[in-house]
Amino acid sequence: MKHSAAARGSLRVVGLGPGDDALITDQVRASIAAATDAFGYFPYIERLQGLGHLQLHASDNREELDRARAALDLAAQGRQVLMLSSGDPGVFAMASAVFEVLEGAAPEQRQRWAAVDVEVQPGITAMLAAAARLGAPLGHDFCCINLSDNLKPAAVIERRIRLAAQADFAMAFYNPCSKSRPQGFSRALQVLQQECEPERLICFARNVSRPDETLNVVTLATAAPAMADMRTVVIVGNSLTRRVGPHVYTPRSYPHA
């Protein structure tokens, strides 16, 4: 597929879902088929290996802003460019980084990128894939919190968890811990233990939709930091969340509604 420099370039910011190719949306599949280039973190780029029509541009996970600038520059040359995220690109992923770069563009960059057609295409985020496998633990009001303190202070994370627990939200935790940030989930558990009853259900969903998927449901009293890693989504129920056979669900109604 050839594109002249005068052709209008595009940047499609897409989500590849939680892991199983069957969970990639038809819209994203069509964008992959029409693209000339794809940018992304190494593991996401690997998922498109073997597609001969694509030039692949892999980079480290801490180079999001540089990746967004490079993708916009290439799209400004008339290329049809993909920006890859896992899950959904708008949930702790690349969509926000692209708009951050657009907002902070220098005048010459703003002029160069003005003709680029930027579109965000949704994907199935790990939180929703995990909830579906478990049953319906997010069936009532819930919130989603990234436990990584890379881009926000640990004190902000702790306050958000505490307030969400006091408001009786179900909670989904992304990036619970890593080798460089081993204390994230441990701190979260300490807050939950202060604010919630010991019987509160906590669900650990690791590598959802992949061949080595594991699901584990425990009570807060028996939850331990070692139960979560960077491939785990943690879902904390609200005070009404309960088991129904092998499933976990949160009722849609609330007492005295």
Side-chain angles (χ1 to χ4, degrees), residues 15-25 86-88 90-93 122-148 157-158 160-178 184-257:
L16 297 177
D20 187 342
D21 285 349
L23 298 181
I24 300 176
T25 69
S86 65
D88 179 279
V91 179
F92 307 130
I124 298 173
T125 188
M127 168 184 67
L128 299 182
R133 293 289 291 121
L134 290 160
L138 303 179
H140 195 66
D141 296 341
F142 69 91
C143 66
C144 183
I145 301 173
N146 187 342
L147 298 189
S148 169
I157 299 171
E158 178 180 330
R160 289 175 177 175
I161 296 171
R162 190 176 303 281
L163 292 176
Q166 291 174 359
D168 203 21
F169 282 101
M171 293 172 252
F173 295 153
Y174 277 65
N175 300 321
C177 63
S178 68
F185 185 55
S186 178
R187 290 194 298 258
L189 274 180
Q190 291 173 10
V191 176
L192 293 173
Q193 289 162 353
Q194 294 165 10
E195 300 293 342
C196 303
E197 70 283 359
E199 298 77 20
R200 182 71 60 99
L201 292 181
I202 301 185
C203 310
F204 297 87
R206 188 177 190 277
N207 281 345
V208 171
S209 84
R210 298 177 183 270
D212 58 343
E213 170 186 295
T214 58
L215 302 174
N216 187 23
V217 182
V218 302
T219 63
L220 176 58
T222 59
M227 293 179 176
D229 62 14
M230 283 297 284
R231 294 183 177 273
T232 306
V233 173
V234 181
I235 296 181
V236 182
N238 73 8
S239 62
L240 301 178
T241 302
R242 46 193 183 259
R243 297 174 187 259
V244 179
H247 299 109
V248 176
Y249 99 106
T250 301
R252 296 174 301 146
S253 59
Y254 209 75
H256 314 301

* Structure fact -> Taken to the nearest 0.5 Å, the spacing of Leu23 CG from Leu128 CG works out to 11.0 Å
* To do: Locate the shortest heavy-atom distance separating Ala228 from Cys177; write the atom from each residue and the value.
  => O-SG, 2.9 Å
* To do: Hey, could you give me the SG/CG distance between Cys143 and Leu138, rounded to the nearest 0.5 Å?
  => 9.5 Å
* **Partner set under ring-ring contact (aromatic ring centres under 6.0 Å, His included) for Phe173, not counting sequence neighbours** => none
* Scan for salt bridge (charged side-chain N to carboxylate O under 4.0 Å, His left out) pairs involving residues 235-251, sequence neighbours excluded, and state none if there are none. => none
* Would you say Asn216 and Met227 make side-chain contact, with heavy atoms under 4.5 Å? -> yes
* Which residues pass the side chain to side chain donor-acceptor pair (under 3.5 Å) test with Thr25, sequence neighbours left out? -> none
* Asked: What closest approach, in Å, do Ala131 and Pro137 show between heavy atoms, and which atom pair accounts for it?
  -> O-CD, 3.4 Å
* Those residues that, when tested against Thr219, pass side chain to side chain donor-acceptor pair (under 3.5 Å) (two or more places apart) -> Thr222
* To do: Any pair with a residue in residues 207-235 that passes salt bridge (charged side-chain N to carboxylate O under 4.0 Å, His left out), sequence neighbours left out, goes on the list, sorted by first then second residue, please.
  => Arg133-Glu213, Arg206-Asp229
* Asked: Do Ile202 and Leu189 have side-chain heavy atoms sitting under 4.5 Å apart?
  -> yes
* Could you list the residues that satisfy side chain to side chain donor-acceptor pair (under 3.5 Å) with Arg200, not counting sequence neighbours? => Glu197
* List for me each residue that meets salt bridge (Lys or Arg N to Asp or Glu O under 4.0 Å) alongside Glu158, sequence neighbours excluded, and say none if there are none. => Arg162
* First locate atom CD1 of Ile124, then atom CE of Met127, and finally report the distance between them rounded to the nearest 0.5 Å. => 12.0 Å
* Closest approach of Leu192 to Leu220 (non-hydrogen atoms, all atoms of both residues) -> O-CD2, 3.4 Å
* **Closest contact, heavy atoms only, Ala165 versus Glu195** => CB-CB, 3.7 Å
* **Test item: Leu240 and Pro255 side chains (from C-beta on) under 4.5 Å apart, heavy atoms** => yes
* Could you grab the distance from atom CG of Asp20 to atom CG of Asn207, nearest 0.5 Å is fine? => 12.0 Å
* **All ring-ring contact (aromatic ring centres under 6.0 Å, His included) counterparts of Phe142, not counting sequence neighbours** => none
* Asked: Hey, does Val234 have a side-chain heavy atom less than 4.5 Å from the side chain of Thr232?
  -> yes
* Are the side chains of Cys203 and Val217 in touch, meaning some heavy atoms are under 4.5 Å apart? -> yes
* Are any non-hydrogen side-chain atoms of Val233 and Val208 less than 4.5 angstrom apart? -> no
* Tyr174: ring-ring contact (aromatic ring centres under 6.0 Å, His included) partners, not counting sequence neighbours -> Phe92
* Asked: Closest heavy-atom contact between Ile157 and Ser148?
  -> CD1-O, 3.4 Å
* Got a sec, which pairs hit side chain to side chain donor-acceptor pair (under 3.5 Å) with one end in residues 137-147, sequence neighbours left out? -> Asn146-Asn175
* To do: For residues 208-240, pull every pair meeting ring-ring contact (aromatic ring centres under 6.0 Å, His included), keeping only residues two or more places apart or in separate chains.
  => none
* **Partner set under side chain to side chain donor-acceptor pair (under 3.5 Å) for Asn238, not counting sequence neighbours** => Thr241
* Contact check, side chains of Leu147 and Ile161, non-hydrogen atoms, under 4.5 Å -> yes
